[in-house]
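Working notes, structure below.
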Amino acid sequence: MGRRILVTSALPYANGAIHLGHLLEHIQTDIWVRYQKLRGNQCIYVCADDTHGAGTMLKAEEEGVSPEVFIERIRKEHIEDFKGFLIEHDNFHTTHSEETRELSELIYNKLNDRGLIFIKKIERLYDPERQMFLADRFVKGQCPRCGSDDQYGDNCDLCGATYDATDLKNPRSLLSGATPELKASEHYFFDLAQYTDMLKSWTTSGAVQPEVANKLAEWLDSGLRAWDISRDAPYFGFLIPGTTDKYFYVWMDAPIGYMASFKHYIKSGNDLAFDDFWQVDSDAELHHFIGKDIVNFHALFWPAVLEGAGFRKPTRIHAHGFITVDGTKMSKSRGTFINAATYLEYLNPEYLRYYYATKLNGTIDDMDINFSDFVQRVNSDLVGKIVNIASRCAGFISKQFGGELAPALHDEALWQKFVDAKDSVANLYEAGDTSKAVREITALADLANQYIAQHEPWKTIKDPDKHSDVQLVCSQGINLFRSLAIYLQPILPAMAEAAERFLNVERFRWDDVDAPLLAHRINKYQPLFTRMDKKQVDKLIEASREDDVSGGETADEGEDAIISIEDFAKIHLKVAEIVAAETVDGADKLLRLTLDLGDEQRQVFAGIKSAYEADELVGRLAVIVANLAPREMRFGTSEGMVLAAGPGDADIFLLSPDAGAVPGMDIH
RNA sequence: GGCUACGUAGCUCAGUCGGUUAGAGCACAGCAUUCAUAAUGCUGGGGUCGGUGGUUCAAGUCCACCCGUAGCUACCA
């Protein structure tokens with residue numbers, strides 16, 4: 001009997017669009033789920049929007065609609081975005097649902113009955129104008145340690161200090177600008193410390209990755225405190241039973257949303273028993289895929305709540321790292337904060353699924369996206385290696401043999417190598433190490449291409465006596481391709497479907513790799529993938545940059561934030577003389593400049609060819625960023641940046657110092 | 001600031017218990033090839049393993065400190 005598995009991805013917060021970061025998690029989960037389904041296991045994948053909290057309430061208010069209307073609109077967008085990336089949630093619900101309310105109340109009542117809930121009066125910052133308590137992110141003021149202004153209520157960006165919002169000097173409410181006052185309020189606490197021993201053994205039992213267990217040990221060893229699970233009105237959420245103005249904190253009901261989504265899935269006509277998956281001795285598996293930033297909620301608070309309420313605990317928490325682009329955080333101003341919907345306007349979703357798959361390894365390391373690497377990997381692996389096998393064999397089979405595959409294999413040993421990879425690829429999928437799985441699969445693709453090159457069907461076809469050899473070789477090639485398509489199905493479901501049509505077969509199953517297709521009629525080959533042009537990616541980045549300008553998002557990244565004098569001092573500007581300038585073969589926009597900085601010469605590539613002739617630049621002075629990291633470019637290394645104004649094309653204007661400046665002078 | 005991770009070829013990443021000359025793919029160069037969507041095959045160049053110091057017969061691997069990146073730090077979600 002197969003395994004029974006319930007899988008979740010972290011719930012996206014219902015105040016913004018799905019972006020590349022969400023997709024890393026959902027694609028990773030989807031690959032794992034599709035693999036389980038392909039194996040014939042019963043695997044249910046549920047998710048939901050995380051809707052509660054002051055965040056959605058205020059955002060809805062900004063748009064002048066009710067929170068309910070606002071979150072439902074977001075949910076529809078999220079569902080569309082995920083569908084566009086072929087992510088097959090069996091149910092995508094909302095935490096603002098009857099199921100979540102019922103289960104939250106049930107769990108709370110059980111915890112309360114067991115004496116795990118207590119009430120304590122605490123003092124929090126209160127906005128007297130808006131008449132509401134303020135979460136840390138809605139308060140700014142001066143850091144109590146270094147005194148820098150404009151810092152949030154939890155920690156200081158500049159000196160790194162952490163503190164309570166009540167410690168801020170000159171605090172102000174971001175909602176009204178008013179000075180917050182301290183106000184006492186009764187909060188409800190969950191007695192987390194009761195479960196310290198349980199959590200110590202659970203976190204080291206293999207339920208979380210070792211590096212995550214290390215991080216959690218820090219919490220466990222320093223002593224768990226009671227967890228504040230209530231928030232005061234006004235709040236968007238569910239009332240705590242027996243109160244009229246205390247709401248469940250969003251992180252209390254968010255994981256309950258996993259249960260609720262599963263419950264709703266059953267209600268929608270699926271014949272499953274809720275208790276089979278959630279009762280304390282359930283033999284079904286429960287897997288949560290999450291980002292490394294929220295491990296404490298999933299691997300401390302959540303298992304303790306489940307334990308306290310008499311439910312089973314998760315089988316495994318799969319934590320992953322974050323996306324960086326060229327080594328740094330996604331950035332709206334650089335156009336690397338890319339939304340799912342924008343991506344889909346320009347590129348095939350399976351390109352991204354494949355690229356992520358080549359890099360996912362089941363650890364919490366961050367994943368760096370490099371767009372030229374992305375283009376190269378997809379083009380050379382998917383189009384050049386894998387799909388090309390089918391493409392180069394199909395013509396012979398359809399033109400010479402009426403679409404009929406040979407009745408026998410030509411190279412049994414080679415075929416067996418493809419069969420033998422099955423368990424190892426399976427284990428890698430199971431462990432979430434899809435990067436190794438892909439490496440094994442592309443190594444097989446290399447063998448297939450070598451095989452075809454060695455047997456040269458395009459030469460054999462000219463010899464009438466060896467006509468049937470061509471059928472043997474190309475049939476072998478197509479069977480090898482079929483194995484690859486099955487192995488890649490979890491990552492590339494649409495490609496696999498197209499391959500099924502080409503091969504004229506039913507839906508792939510994992511065990512199909514055991515036996516080849518022989519004496520079988522296939523259909524005419526249609527290209528499964530087309531090559532990607534870097535220009536499409538450039539357009540996508542450009543479009544994402546525009547999104548930012550028109551979107552008017554609240555600057556939660558601090559993109560255009562005021563910088564300190566220390567930040568400015570990091571930029572070292574110098575006067576430089578352009579001693580040589582020349583065009584670069586093959587480059588449309590670049591000029592290669594040789595700059596004299598007084599004590600050294602540097603080569604800099606500048607994108608100013610559209611506005612300047614090389615000759616007119618020689619001898620003039622320019623302003624250069626002298627400590628910019630050297631950049632490897634296609635035509636060589638660029639060792640700095642020349643400053644210029646203007647929007648681009650013909651309108652580029654180089655900056656120059658007034659008369660008297662000499663090369664090498666510092667600019668302050 | 002404290003903590004948890006990470007830093008290896010131009011790029012993206014492997015590298016097991018410390019053990020021979022540090023590997024792969026992409027990119028690049030040369031040759032071959034023309035079935036395939038300019039797709040393939042063969043060969044090759046390319047490394048101060050972030051830095052400094054230490055432990056050891058032996059360090060990419062262990063230790064200390066430093067630099068850089070990311071996350072957490074319980075009311076941001």
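Here is how names work: the chains are called A, B, and so on, in the same order as the sequence lines, proteins then strands, and each is numbered from 1.
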Using a 6.0 Å cut-off, check whether atom NZ of K466(A) has over 12 heavy atoms from anything other than its own residue.
no
Across the strands shown, which category fits [X] at heavy-atom distances under 4.0 angstrom: base, sugar-phosphate, nothing?
{"X": "G53(A)", "value": "nothing"}
{"X": "F138(A)", "value": "nothing"}
{"X": "I122(A)", "value": "base"}
{"X": "H187(A)", "value": "base"}
{"X": "L528(A)", "value": "base"}
{"X": "N449(A)", "value": "sugar-phosphate"}
{"X": "D164(A)", "value": "nothing"}

Name the residue closer to the 5' end of RNA chain B, choosing between D373(A) and Q376(A) according to the nucleotide with the nearest heavy atom.
D373(A)
5' priority, RNA chain B, between T530(A) and Q450(A) [closest heavy atom]
T530(A)
Between [options], spot the one nearest the side chain of [X], thanks.
{"X": "N296(A)", "options": "C72(B), U37(B), G71(B)", "answer": "C72(B)"}
{"X": "N214(A)", "options": "G25(B), U4(B), A77(B)", "answer": "U4(B)"}
{"X": "E211(A)", "options": "G41(B), A5(B), U34(B)", "answer": "A5(B)"}
{"X": "K215(A)", "options": "G41(B), G71(B), A77(B)", "answer": "G71(B)"}
{"X": "W458(A)", "options": "A70(B), A74(B), U34(B)", "answer": "U34(B)"}

Hey, does the side-chain of D293(A) have a donor or acceptor N/O within less than 3.5 Å of a partner on the base of C72(B)?
no
Return yes if a side-chain donor-acceptor contact under 3.5 Å exists between H22(A) and Y13(A), otherwise no.
no
Rounded to the Å, how far apart are F297(A) CZ and A77(B) C1'?
8 Å
Take the protein atom CD of Q151(A) and the nucleotide atom P of G1(B), then report the distance between them rounded to whole Å.
14 Å
Dump every N/O contact between nucleotides 14-17 of chain B and the protein below 3.5 Å, one line per pair.
residue, atom, partner, partner atom, Å
A14(B), OP1, N361(A), ND2, 2.7

Under 4.0 Å between a Lys/Arg side-chain N and an Asp/Glu carboxylate O for [X] and [Y]?
{"X": "D538(A)", "Y": "K535(A)", "result": "no"}
{"X": "R124(A)", "Y": "D232(A)", "result": "no"}
{"X": "R172(A)", "Y": "D150(A)", "result": "yes"}

Say whether, by atom type as modelled, one donor and one acceptor occur between the side chain of T203(A) and the main chain of L199(A) under 3.5 angstrom.
yes
Need the pair for [N]. Rule: Watson-Crick or G-U wobble, both distances under 3.5 Å, any strand; none if unpaired.
{"N": "A32(B)", "result": "U40(B)"}
{"N": "C26(B)", "result": "G10(B)"}
{"N": "U61(B)", "result": "none"}
{"N": "U48(B)", "result": "none"}
{"N": "U21(B)", "result": "none"}
{"N": "G1(B)", "result": "U73(B)"}
{"N": "U16(B)", "result": "none"}

In terms of relative ring orientation, are Y351(A) and F374(A) parallel, tilted or perpendicular, with 30° and 60° separating the classes?
perpendicular
Aromatic rings F238(A) and H96(A): how do their planes relate, parallel, tilted or perpendicular, breaks at 30° and 60°?
parallel
Rounded to the nearest 0.5 Å, what separates atom CD in Q194(A) from atom CG in L111(A)?
11.0 Å
Taking the chi torsion of C17(B), is it syn (within 90° of 0) or anti (everything else)?
syn
Tell me whether the OP1 or OP2 atom of A39(B) has a side-chain N or O from R531(A) closer than 4.0 Å.
yes
